[in-house]
Amino acid sequence: MTECVKVGTWTVPGSGIRSFPEIIAAAAKQSVVLLGETHINREHHRWQLQTLVALYAVHPNMIIGFEMFPRRVQAVLDRWVAGELTETEFLAQSDWHTVWNSDASLYMPLFHFARMNRIPMRALNIDNRLRKRASEKGFNSIPEHEREGVTRPAPPSAAYLDFLLPIYAQHERPGKSNQKVTRSDPDFLRFVVSQQLWDRAMAQAIHAALDNDTSGALPLVVGIMGTGHILQGFGVPHQLNDLGVTRIASLLPWDTNKSCKQLVPDYADAVFGLDPFVAETAVPSRQRLGIRFEFSQAANGALVLQIEPNSIAEATGLLDGDIITEIAGILVQKSSDLTDAVKHQAPGTWLPLKVKRDGLMIELVAKFPPLGK
């Protein structure tokens with residue numbers, strides 16, 4: 001495989017190698033810098049921290065926005081930066097394990113960097129259930145007062161639709177996998193609305209951070225988010241442009257085993273070469289089912305919002321929209337009932353679940369692999 005980006009070097013797609021100081025100096029002159037990631041790739045987060053440190057040295061009037069937090073927990077982020085919370089308190093009060101549910105150790109160095117330097121952190125996201133409603137019923141179905149202030153997204157480009165189409169096809173529900181999906185498919189268009197709502201919400205939060213800064217000097221807002229929201233300017237950059245923010249730098253990590261065909265000139269403003277991602281084989285500090293969920297008082301259980309690919313949840317047969325009502329015979333009456341049961345599950349054991357699906361109660365068994373598997 002041809003190596004188009006070398007490890008440890010910055011490359012401008014379509015142009016060539018640039019020095020680290022050149023990239024940082026150019027990015028620091030913008031209003032917004034977007035740093036992408038694959039969420040479970042620790043090397044990507046190390047690169048983000050390195051880049052944040054360099055940007056901060058040039059432009060210390062900084063604000064850092066995170067996709068990982070819904071805006072309702074903004075006060076918790078403020079208290080963390082002010083030094084008022086321990087790590088445990090911060091993760092609990094921000095609902096980390098129910099909202100994001102990824103290994104917090106991947107992100108804690110970024111959070112500590114902000115706290116140590118008293119850099120404001122901003123929650124960029126919205127609650128998952130709002131995106132889910134938009135995906136199921138469309139943007140117009142949501143009353144304005146329930147949109148968390150998110151305005152109508154700018155229409156997607158044809159290229160963005162082509163980009164999202166195979167992603168949607170991979171996430172189709174059982175029974176639809178053999179159906180050919182087109183850009184005019186109503187279900188696909190609702191999926192696009194969901195993605196755009198996500199992009200729009202983050203763009204609006206970044207725009208607000210720029211507008212509401214009272215320092216007297218233009219801040220540099222750095223957005224930490226998944227690469228899919230950034231590449232080729234489709235997602236957040238497109239929505240920022242619609243909001244009048246045009247001075248944007250998109251910087252992305254590049255695993256050197258990726259196909260060079262993907263590195264088109266508009267892929268990003270610059271990419272940084274990293275060793276290919278290898279999943280860690282160490283025993284996790286806690287077990288993970290592999291879902292994003294929220295406790296629903298109305299549904300009397302944990303509403304499954306998203307299933308992670310290749311997870312225990314996927315192998316178990318859980319689906320988006322399922323409601324977990326019991327776990328190991330215990331009623332799920334709050335979020336911690338589910339998270340505590342899962343994280344204390346011993347390797348090699350089975351965990352029975354009672355799940356409400358389409359009005360029917362079914363029983364599933366989550367099988368946690370033994371050590372070394």
Side-chain angles (χ1 to χ4, degrees), residues 37-46 68 86-88 90-92 94-109 128 170-175 177 226 255 257 275-296 299-358 360-373:
E37 64 178 59
T38 297
H39 303 313
I40 61 173
N41 190 328
R42 194 173 296 274
E43 194 76 350
H44 287 190
H45 298 297
R46 294 185 180 116
M68 300 79 216
T86 65
E87 281 190 15
T88 300
F90 172 58
L91 295 175
S94 65
D95 287 340
W96 179 268
H97 295 305
T98 56
V99 172
W100 199 246
N101 198 27
S102 293
D103 185 352
S105 71
L106 296 168
Y107 293 90
M108 287 310 303
N128 279 323
Q170 291 172 6
H171 288 81
E172 283 192 282
R173 299 286 290 272
S177 57
D255 297 337
N257 63 340
D275 284 318
F277 173 64
V278 177
E280 297 179 3
T281 57
V283 179
S285 58
R286 63 182 184 89
Q287 296 281 18
R288 296 186 67 254
L289 192 58
I291 63 173
R292 292 188 189 174
F293 75 96
E294 63 182 20
F295 178 74
S296 171
N300 293 316
L303 174 62
V304 178
L305 301 170
Q306 185 177 11
I307 304 292
E308 294 181 12
N310 305 314
S311 64
I312 291 173
E314 184 180 67
T316 301
L318 281 167
L319 301 177
D320 294 355
D322 282 350
I323 300 168
I324 303 174
T325 60
E326 288 188 27
I327 185 163
I330 299 173
L331 290 175
V332 178
Q333 298 178 315
K334 54 185 183 298
S335 295
S336 59
D337 291 337
L338 179 55
T339 55
D340 287 348
V342 171
K343 72 182 180 182
H344 293 121
Q345 189 72 13
T349 59
W350 294 7
L351 187 64
L353 307 172
K354 282 192 177 180
V355 175
K356 185 184 294 184
R357 178 182 298 167
D358 298 328
L360 299 176
M361 194 67 71
I362 62 175
E363 295 186 3
L364 299 173
V365 177
K367 300 178 181 180
F368 291 82
L371 295 177
K373 296 293 186 180

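All values below were derived from every heavy atom in this structure, side-chain atoms included, with hydrogens, water molecules and symmetry-related copies excluded.
- Contact between Gln333 and Phe295 at its shortest, heavy atoms only, is O-CZ, 3.1 Å.
- Between Phe293 and Ser335, the closest heavy-atom pair is CZ-O, 3.9 Å.
- Ala366 and Thr316 get closest at one heavy-atom pair: CA-OG1, 3.3 Å.
- The ring pair (Phe, Tyr, Trp, His ring centres under 6.0 Å) test applied to Phe90 returns Phe69, Trp80, Phe111, not counting sequence neighbours.
- Side chain of Trp100 to backbone of Asp95: no donor-acceptor contact under 3.5 angstrom is found.
- When all heavy atoms of Asp320 and Gln306 are compared, the closest pair comes out as OD1-CA, 3.3 Å.
- Residue Val355 forms a side-chain contact (heavy atoms from CB on, under 4.5 Å) with just one option from Leu318, Leu360, Thr325, and that option is Leu318.
- The heavy-atom pair separating Met108 from Leu91 by the smallest distance is SD-CD2, 4.2 Å.
- Two residues are said to be in side-chain contact when any heavy atoms from C-beta on lie closer than 4.5 Å; Asp255 and His44 meet this criterion.
- Between the side chains of Ser105 and Arg42, at least one donor N or O sits under 3.5 Å from an acceptor N or O.
- The CZ atom of Arg357 sits 10.5 Å away from the CD1 atom of Ile324 when rounded to the nearest 0.5 Å.
- Atom-to-atom distance recorded for Trp350:CH2 and Leu364:CG is 13.0 Å, nearest 0.5 angstrom.
- Of all the heavy atoms in Leu338 and Ala302, the pair that sits closest is CD2-CB, 3.7 Å.
- Two residues are said to be in side-chain contact when any heavy atoms from C-beta on lie closer than 4.5 Å; Phe277 and Asn257 fail this criterion.
- Partners of Ser311 according to the side-chain hydrogen bond (donor to acceptor under 3.5 Å, both in side chains) rule, which considers only residues two or more places apart in sequence or in another chain, do not exist here.
- At least one donor-acceptor pair under 3.5 Å links the side chain of His45 to the backbone N or O of His39.
- Side-chain atoms of Lys343 and His97, non-hydrogen and from C-beta on, never get closer than 4.5 Å to each other.
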